[in-house]
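Keep in mind that this is a model prediction, so the values were computed, not measured.
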Amino acid sequence: FLTFTGRTDLVDAARLAGSIGHAQGRLGHHEEAITGMRAALDVLGTDDRDPDVAAINCDLGRALLFTGHLDEAGAAIERALGAAEALELPVLTCQALGLKAIHLEYVGRYEEARTLHDGAIALGERHKVPRRHVALQNASVLRITQDMPGAVESCEVALAAARQRGDRSG
C-alpha cells in the first residue's frame, strides 16, 4: 500500500492493511499479519485516541503472542488495552484483557492471568460483548491446565455459552 501518493490514500490504505492483518491472523498467517500491521502502524502512528490503531495493536499483539514474540506482544497488548479503556470500547477491552491474561500464562503468572480472565468475563457480561464466551473458554483452559478450583464447572459454563451462541470454534 506504500505506492499511494496522497496522505489520505495512504491512511486509508493503512487502515485496510490493518483489517487484512486481522483476517490473516485469524487464518493463522501470523507472520504476514505482523508485517502488514506493523506497516499500517508506521503510517497511522501511535494515536491512542484512534479506535483503528487500538484494534490493530490488539491484533498485532495476538499475532506476536502466538508466534512467541512475548515482549513485543505484551507492549502491543498494553497499547491496545490502554486505548480501548480510554475510548470506552468494551469489545476491544474484553479482547485485550483476554490477550493480556494469555500473555501472563505464557510467562508463568497464572493467578494474575486468572484474575484478568475473570475481569474479561465480567466486562463481557456487563456490556453483552458478542463473543464473550471466548473469555469463558480462555479462563477454562487456564483452570484445567493449572488444576485450579472450579475447572470443570468453568468448562461446562464455557461450553454452554458457546453452544448458545452457535460458535463451534472453541
Side-chain angles (χ1 to χ4, degrees), residues 1-2 13-48 50-86 89-121 123-124 129-148 151 154-155 158-159 162 167-170:
F1 66 83
L2 297 177
R15 292 184 195 287
L16 178 60
S19 295
I20 292 169
H22 171 84
Q24 288 173 318
R26 293 296 183 176
L27 292 171
H29 303 281
H30 299 299
E31 294 298 338
E32 295 92 338
I34 291 167
T35 299
M37 288 185 285
R38 282 182 173 154
L41 289 171
D42 285 346
V43 171
L44 296 173
T46 58
D47 182 2
D48 63 357
D50 183 335
D52 290 335
V53 170
I56 293 168
N57 271 307
C58 191
D59 288 330
L60 177 61
R62 179 183 294 109
L64 289 165
L65 186 63
F66 294 146
T67 55
H69 304 284
L70 299 184
D71 290 340
E72 292 176 273
I77 292 165
E78 280 297 325
R79 287 190 301 272
L81 183 56
E85 284 192 79
L89 302 171
V91 172
L92 192 58
T93 302
C94 188
Q95 291 171 359
L97 278 173
L99 286 171
K100 184 172 181 176
I102 293 169
H103 180 264
L104 290 170
E105 289 177 49
Y106 281 18
V107 297
R109 292 167 54 188
Y110 304 114
E111 286 301 323
E112 190 175 356
R114 183 188 54 75
T115 300
L116 288 179
H117 280 309
D118 291 347
I121 292 166
L123 181 72
V129 169
R131 291 182 40 86
R132 60 189 176 271
H133 64 282
V134 173
L136 289 164
Q137 292 168 348
N138 289 335
S140 296
V141 169
L142 172 65
R143 284 180 168 86
I144 287 288
T145 59
Q146 297 306 310
D147 196 26
M148 292 179 163
S154 177
C155 287
L159 182 58
D167 188 335
R168 299 172 60 154
S169 65

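- The distance from atom CD of Q137 to atom CZ of R131, rounded to the nearest 0.5 Å, is 7.5 Å.
- Side-chain atoms of L70 and H103, non-hydrogen and from C-beta on, do get closer than 4.5 Å to each other.
- Atom CD of E85 sits about 4.5 Å away from atom CG of L81, to the nearest 0.5 Å.
- The nearest pair of heavy atoms linking I34 to A63 is CG1-CB, 3.6 Å.
- Of all the heavy atoms in V53 and L44, the pair that sits closest is CG2-CB, 3.8 Å.
- Summarising the geometry, atom CD1 belonging to I121 is positioned 4.5 Å from atom CG belonging to L136; distances are rounded to the nearest 0.5 Å.
- Of the inter-residue distances, the one linking N138 atom CG with S154 atom OG reads 10.0 Å to the nearest 0.5 angstrom.
- Screening residues 32-46 for salt bridge (Lys or Arg N to Asp or Glu O under 4.0 Å) gives R38-E72 as the qualifying pairs, with residues at least two apart or on separate chains.
- Contacts classified as salt bridge (Lys or Arg N to Asp or Glu O under 4.0 Å) and involving residues 100-109 (residues at least two apart or in different chains) are given here: E78-K100, R109-E112.
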Open item on the list: Walk me through whether E111 and L104 qualify under side-chain contact (heavy atoms from CB on, under 4.5 Å).
Closed with: CA-CA 9 Å; E111 286 301 323; L104 290 170; over 6 Å; no
Open item on the list: The test is side-chain contact (heavy atoms from CB on, under 4.5 Å); show your working for Q95 and L92 and say whether it passes.
Closed with: CA-CA 5 Å; Q95 291 171 359; L92 192 58; 3.6 Å; yes
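- Note that OG1 of T145 and OH of Y110 are 7.0 Å apart. Values are rounded to the nearest 0.5 Å.
- Atoms CD1 and OG, on I56 and S19 in that order, are 7.0 Å from each other to the nearest 0.5 Å.
- Listed here is the closest heavy atom pair of G21 and A33: O-CB, 3.3 Å.
- Each of D52, V43, I20 was scored for a side-chain contact (heavy atoms from CB on, under 4.5 Å) with R15, with one residue passing: D52.
- Of all heavy-atom pairs spanning P90 and V129, the tightest one is O-CG2, 4.0 Å.
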TODO: Start with the C-alpha distance between H22 and D59, add both sets of side-chain angles, then the distance that settles side-chain hydrogen bond (donor to acceptor under 3.5 Å, both in side chains), and finish with yes or no.
DONE: CA-CA 6 Å; H22 171 84; D59 288 330; 2.9 Å; yes
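- Considering all non-hydrogen atoms of both residues, A96 and I77 come closest at O-CG2, 3.6 Å.
- Minimum heavy-atom separation, A158 to S140: CB-OG, 3.6 Å.
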